[in-house]
Protein chains: 2
Amino acid sequence: MSSINDVAKLAGVSTATVSRVLNDTGQCSPRTQQKVIAAVKELNYQPNILARSLAKASSDNVGLMVNSYRGSFFAALVSQLQESFENQNKFLLTCRASSSRESELQAISRLKSMSCAALVLHSRALTDEDLLQLAEDKVHFALIDRFVPGLEDRCVTFKHRKSARLAVEHLYKKGHRKIACLSGTMERHSARERYAGYAEAVEEFELEDIHIGYGHYNQDGGYKAAEKLFSRRSDVTAIFTCSEQMCVGAYEYFHHAGLRVPDDISVVSIDSVDVCQILSPKVTTVTFPIEDMAIETQELVCRMMDGKPAIKPAVFTPNIKIFHSVKTL
Amino acid sequence: MSSINDVAKLAGVSTATVSRVLNDTGQCSPRTQQKVIAAVKELNYQPNILARSLAKASSDNVGLMVNSYRGSFFAALVSQLQESFENQNKFLLTCRASSSRESELQAISRLKSMSCAALVLHSRALTDEDLLQLAEDKVHFALIDRFVPGLEDRCVTFKHRKSARLAVEHLYKKGHRKIACLSGTMERHSARERYAGYAEAVEEFELEDIHIGYGHYNQDGGYKAAEKLFSRRSDVTAIFTCSEQMCVGAYEYFHHAGLRVPDDISVVSIDSVDVCQILSPKVTTVTFPIEDMAIETQELVCRMMDGKPAIKPAVFTPNIKIFHSVKTL
DNA sequence: TTGTATGCGTTATCAT
DNA sequence: ATGATAACGCATACAA
């Protein structure tokens, strides 16, 4: 690897001049500019980002912490974040924690020691106090899908409640009146909000509240919840599943039980669109604009890094994608 | 962020001593050791990894280049690689290219400029010559799922041919004699190998070669291929799909056409297990041990970084996971 | 055992 | 417009 010194020698100028040409800082004659650029090409010179960061006392690195890579949500998130930051000449360093407070703190330490100028956190385990402390320490960071009072300007969030409401409303408009909600435990904020949205719609449309909670929003939970539901009652015409994995589990149960979607049972799910395209018939789904959200996050973070005043980020609203899992009654 | 200077001052020693204590290089009295460690704790000192890498002229960074994050293959790969390298105190930097030679070259440049001591490449677009040149340039790197003559010691590969053979053999043993192969274009090596494995089995078991190629191994290709197949003939009792996405598409077609798996048609697929657990009935699938492969890759790369002699990495063999998509005739 | 001094590759300040 | 030169934070060869 050739260094700035090699370029300087070959071009017959000083390293300072090379740096100026490359970073477009300060004036310089067209002729020397040419020489430098020629030398750079000839040596196939790549600036050492480490040294640059060290010298500038600030890097172009942005750290991302997540607790999983699995599922289309993370694939879309990581993919779009990386692309957006690269468009701003930032480099995204990704670090995976394992859903415990300690591992999340460690991941953040690690990212900070890589001179990340800012962090993007999809934190599950850190407490509100941890995050407030981090803000206190003047660390630039944004939170994804988490709301912390006092950190409103850093939270990129979803309207979980509205998404559930949208799902139930769709079923209602299609003539359904016995609509069950399949969910998991209520530990996470998003889970509580989704249920609240269901409850809200139930009240507004004067429906019966049929809520089945089971497990952790995964495939098995969906299967068991559906099984539990239909062992109790047969008058339900539609279900709303609170996660895509639960939807998969419910479909699995229906296949086992010989129930046909949508003829025997209508389904609306929530979450990313991928899984719901895989199932047959494809599932009508309430989704969030993950890509838009990633772009907004990048803008938010870049604003913080530039020292610009914080603007409360948008709260992202869900869209409903209509497929073939709902029967009109 | 406090620096090594702050620690040295607080501990009343020189920076050299602090460095020695922290890196456990050279001797030092227990007392000064105590003082240094106390100072480190008090200041919550984190060594600046950039500066360290710069000083050592070698970093603990390993670069990973992929062309996609989507799909369970990449989720498992990235996840396991990151964990394995972290266990070795290496940090994995991930960079996404976009399936063109230029973008792959650019991604590699980027990773090199981050002082990556080694690279892990899942390259689709680089030529064999590009990769040979990279080796010529003394870059440490490993290739995933790609075989380049002359770089045998760096290639972590799969037995694609055997995986297809295994799928067909399973169907044969279950009594099937009319077995169709659904694939996409034959550009990629893995695609050719999988078809070759099918052809091999066809010959051995004296079956009819019923091959339908359509599109690019994606869901739509699977749908169209299945449609094409059944518009031509009705005597086929089983299909072998060359990718999980094609399998999804085939299932979609069967649902549309009113064909039941496995009663009307048996299915065996290839690839990661995730998608095939989502479909109902779950699909009997030939999979590769992605986690093992990631661990082997990490070991291979670390060996190279330590200057140890290269050992030809294992070629990973497929496993068949039996589910409910095959009928015994 | 410990400290001094130098270099890693870059940027930035100050001269010229 | 350009060139010395001093940082940036750390590791290390060499002295002491």
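Each chain gets a letter, A, B and so on, in the order the sequences are listed, and its residues count up from 1. Just so you know, these numbers come straight off a predicted model, no measurement behind them.
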Inset, instruction - State whether the side chain of Ser19(A) and the backbone N or O of Thr15(A) hold a donor-acceptor pair below 3.5 Å, judged by distance alone. - result: no

Legend entry - Candidate nucleotides dT10(C), dA12(C), dA11(D), ranked by approach to the side chain of Ile4(B) - the nearest: dA11(D)

Inset, instruction - Check whether any side-chain N or O of Ser29(A) sits under 4.0 Å from OP1 or OP2 of dT2(D), and answer yes or no. - result: yes

Legend entry - Closest to the Leu54(A) side chain, choosing from dT13(C), dT5(D), dC8(D): dC8(D)

Legend entry - Nearest to side-chain heavy atoms of Ala55(A), which nucleotide of dG9(D), dT10(C), dT2(C): dT10(C)

Legend entry - Distance below 4.0 Å between Arg52(A) side-chain N/O and dG9(C) OP1 or OP2: no

Legend entry - Distance below 4.0 Å between Asn23(A) side-chain N/O and dT11(C) OP1 or OP2: yes

Legend entry - Any Ser19(B) side-chain N or O less than 4.0 Å from OP1/OP2 of dA11(D): yes

Legend entry - Short side-chain N/O contact from Thr32(A) to OP1 or OP2 of dA1(D), under 4.0 Å: no

Legend entry - Phosphate contact (dT2(D) OP1 or OP2) by Ser14(A) side-chain N/O below 4.0 Å: no

Legend entry - Presence of Thr17(A) side-chain N/O under 4.0 Å of dG3(D) phosphate oxygens OP1/OP2: yes

Inset, instruction - Consider only side-chain N and O atoms of Asp137(A) and Gln133(A), and report whether a donor and an acceptor are under 3.5 Å apart. - result: yes

